[in-house]
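Here's the structure we're looking at; comments come further down.
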Amino acid sequence: MSGAQKVTDRPSAAPPPANSVDRFFKISARGSTFAREIRGGFATFFTMAYILVLNPIILGSAEDKFGQRLDSVQLVTATALVAAVMTIIMGIGGNLPLALAAGLGLNAVVAFQIAPLMSWADAMGLIVLEGLLICVLVVTGLREAVMHAIPQPMKQAISVGIGLFIAFIGFVDAGFVTRIPDAANTTVPVQLGATGALTGWPMLVFCLGVLLTIGLLARKVKGAILISIVAMTLLAIVINWAADIKSWGLTTPSWPDKVVDTPDFGLIGDFSLFGAFGEAGAITVVLLVFTLILSDFFDTMGTVVGVSAEAGLLDEDGKVPNLGRVLLIDGAAAVAGGAASASSSTSYIESAAGVGEGARTGFANLVTGGLFALALFMTPLLTIVPLQAAAPALVAVGFLMMTQVKYIDWDKYEIAIPAFLTIAVMPFTYSITNGIGAGFVAYVLIKSVLGKAREVHWLLWGASALFLVYFAIDPIEQLLGV
């Protein structure tokens with residue numbers, strides 16, 4: 001149903017506010033009730049609570065430049081804390097049913113692209129820097145310039161590429177896809193399972209998880225991803241108890257001695273704002289921050305507009321209420337995520353589940369944020385999930401992100417070729433930055449070849465020049481004797 005239709009479906013005269021809370025959040029004015037807001041808050045939490053499992057797994061499975069890993073228990077605490085605080089702030093400050101948490105895709109950039117180049121503290125410092133720059137863009141009004149610089153099909157291609165990359169990570173983490181050892185003397189780089197076939201109980205858990213997740217998604221079951229993670233974790237616990245399993249990987253599914261425990265805030269504040277410049281170099285850092293801003297900023301814009309439209313909150317000009325404050329809070333969430341070592345936090349499209357349950361105001365965020373706060377004390381229960389139970393969610397999220405491919409005009413080569421390169425290079429090189437760079441350079445080149453150079457925004461010219469330097473950094477260093 002369109003936003004315009006939803007507006008006309010509301011009562012012509014809203015009932016008077018029941019109390020000061022109703023008046024502050026405009027619950028009655030927006031045609032909602034406390035019951036709908038509460039129900040919507042629960043729905044949003046249960047459709048995005050998987051991040052409490054996936055974020056620690058993604059960040060915890062990677063090593064930084066010095067071989068250090070982040071503690072999974074501390075990551076659960078950091079993830080839940082930032083989600084709770086920023087979701088509540090968005091509810092009060094933005095008055096939209098828009099929850100925030102560590103962004104999938106963004107955490108993959110941090111884990112697999114940034115951390116190997118520097119320490120974890122340096123990597124999280126880049127997230128803080130990215131969030132501060134987004135806030136500056138919002139405050140100065142430059143967000144419109146950035147928005148118009150990149151063609152919409154390219155933004156969609158970036159999301160699709162990240163989706164494929166996330167799905168590939170899920171297959172690899174679960175062991176469904178493995179790298180063929182160089183000793184095999186084959187030109188084929190990857191294979192099915194560890195030996196060219198699927199073997200072992202852990203692999204059965206993963207395969208059943210994928211089937212369950214896609215079945216629930218096809219049935220449009222709310223909380224499909226979370227249901228799958230919980231069900232497969234319970235199955236893994238039973239299998240681990242009954243069978244002789246040599247290894248589950250990073251996490252062994254066994255019931256903890258206690259379900260509730262004191263949160264471990266050890267990662268909070270463990271970041272270095274400018275340390276990355278010394279470790280990776282200025283050019284690399286600039287490109288990485290640009291990539292983070294690009295992914296975070298445009299994902300947020302699409303999510304905010306999409307959720308607001310679904311809730312019927314867009315005005316007659318299609319504008320989002322309190323957009324400036326909403327974007328500023330989202331930028332602050334990125335800062336908070338980096339400062340807590342939880343990766344960049346951003347607005348979640350899963351908030352649409354709460355809207356579907358009736359949420360229309362920020363009051364629903366108080367419920368969602370409160371549930372995330374409660375999760376702070378359930379860390380032992382959240383750290384028994386094996387990769388094989390959580391990885392199907394990565395495959396599912398990859399599918400959801402890839403659905404945007406339908407909006408790209410594949411008959412128009414000046415868009416289709418850069419979009420294809422963006423999408424293909426990301427998973428094939430295991431790098432989101434490489435995919436974006438390949439797409440930008442190809443877009444500028446093709447536009448120039450077709451005599452349409454003036455159609456390319458100057459920001460894209462500048463970004464493409466930086467990417468050319470990024471790709472040619474080795475010969476440039478040799479030329480300069482660096």
Side-chain angles (χ1 to χ4, degrees), residues 47-62 72 75 79 101-113 115 158-179 189-194 198-218 223-233 235-236 247-251 253 295 343 348-350 382-405 423-424 426-432 435:
T47 54
M48 63 183 287
Y50 63 83
I51 194 61
L52 295 175
V53 175
L54 288 185
N55 197 47
I57 285 178
I58 291 175
L59 293 178
S61 65
S72 60
L75 282 171
T79 303
L104 276 174
L106 291 169
N107 53 10
V109 175
V110 176
F112 304 107
Q113 183 67 25
I158 290 169
S159 292
V160 173
I162 291 175
L164 284 177
F165 183 48
I166 288 175
F168 188 44
I169 291 171
F171 285 124
V172 171
D173 284 352
F176 187 88
V177 172
T178 62
R179 189 172 77 88
V190 294
Q191 64 185 355
L192 183 67
L198 300 178
T199 59
W201 289 103
M203 188 53 57
L204 176 63
V205 171
F206 170 73
C207 293
L208 290 177
V210 171
L211 294 176
L212 176 60
T213 304
I214 61 178
L216 293 174
L217 286 175
I225 292 176
L226 183 63
I227 291 172
S228 174
I229 291 176
V230 172
M232 289 303 105
T233 299
L235 177 61
S247 175
W248 287 86
L250 294 175
T251 305
S295 300
S343 181
Y348 261 56
I349 193 62
E350 285 86 349
L382 295 170
T383 51
I384 65 172
V385 181
L387 283 169
Q388 292 79 6
L394 295 177
V395 177
V397 172
F399 157 72
L400 293 174
M401 296 183 72
M402 190 180 174
T403 57
Q404 295 189 51
V405 73
I423 294 168
M426 283 188 193
F428 289 162
T429 65
Y430 222 66
S431 169
I432 293 172

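Please read all numbers here as calculations on a predicted model, not as lab measurements.
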How long is the straight-line distance from [atom2] of [Y] back to [atom1] of [X], given to the nearest 0.5 Å?
X    : Y    : atom1 : atom2 : answer
L54  : M48  : CG    : CE    : 12.0 Å
N107 : N55  : CG    : CG    : 5.0 Å
F165 : Y430 : CZ    : OH    : 5.5 Å
T213 : I227 : OG1   : CD1   : 9.5 Å
S343 : L106 : OG    : CG    : 6.0 Å
T79  : L52  : OG1   : CG    : 6.5 Å

Results of side-chain hydrogen bond (donor to acceptor under 3.5 Å, both in side chains) for Y50 - residues two or more places apart only: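 So Y50 forms a side-chain hydrogen bond (donor to acceptor under 3.5 Å, both in side chains) with E350.
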Working for side chain to side chain contact (heavy atoms under 4.5 Å, CB included), residues V110 and I58: CA-CA 9 Å; V110 176; I58 291 175; over 6 Å; no
Check: F168 ring centre within less than 6.0 Å of F428 ring centre: no
Donor-acceptor pair, distance only, cut-off 3.5 Å: does the side chain of [X] make one with the backbone of [Y]?
X    : Y    : answer
T178 : G193 : yes
Y348 : A102 : yes
S61  : I57  : yes

Table please: side-chain donor-acceptor pairs of residues 388-403 below 3.5 Å, with sequence neighbours left out.
{"residue": "Q388", "atom": "NE2", "partner": "W248", "partner atom": "O", "Å": "3.2"}
{"residue": "T403", "atom": "OG1", "partner": "L400", "partner atom": "O", "Å": "2.6"}

Full working for side chain to side chain contact (heavy atoms under 4.5 Å, CB included) between I158 and M426: CA-CA 9 Å; I158 290 169; M426 283 188 193; 4.1 Å; yes
Parallel, tilted or perpendicular: rings of F176 and F171 (30°, 60°): tilted
Side-chain heavy atoms of V385 within contact of I229, under 4.5 Å: yes
Side-chain donor/acceptor pairs under 3.5 Å, residues 200-209, sequence neighbours excluded:
none

Closest approach of A62 to A111 (non-hydrogen atoms, all atoms of both residues):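 Between these two residues, the closest heavy atoms are CB-O, 3.3 Å.
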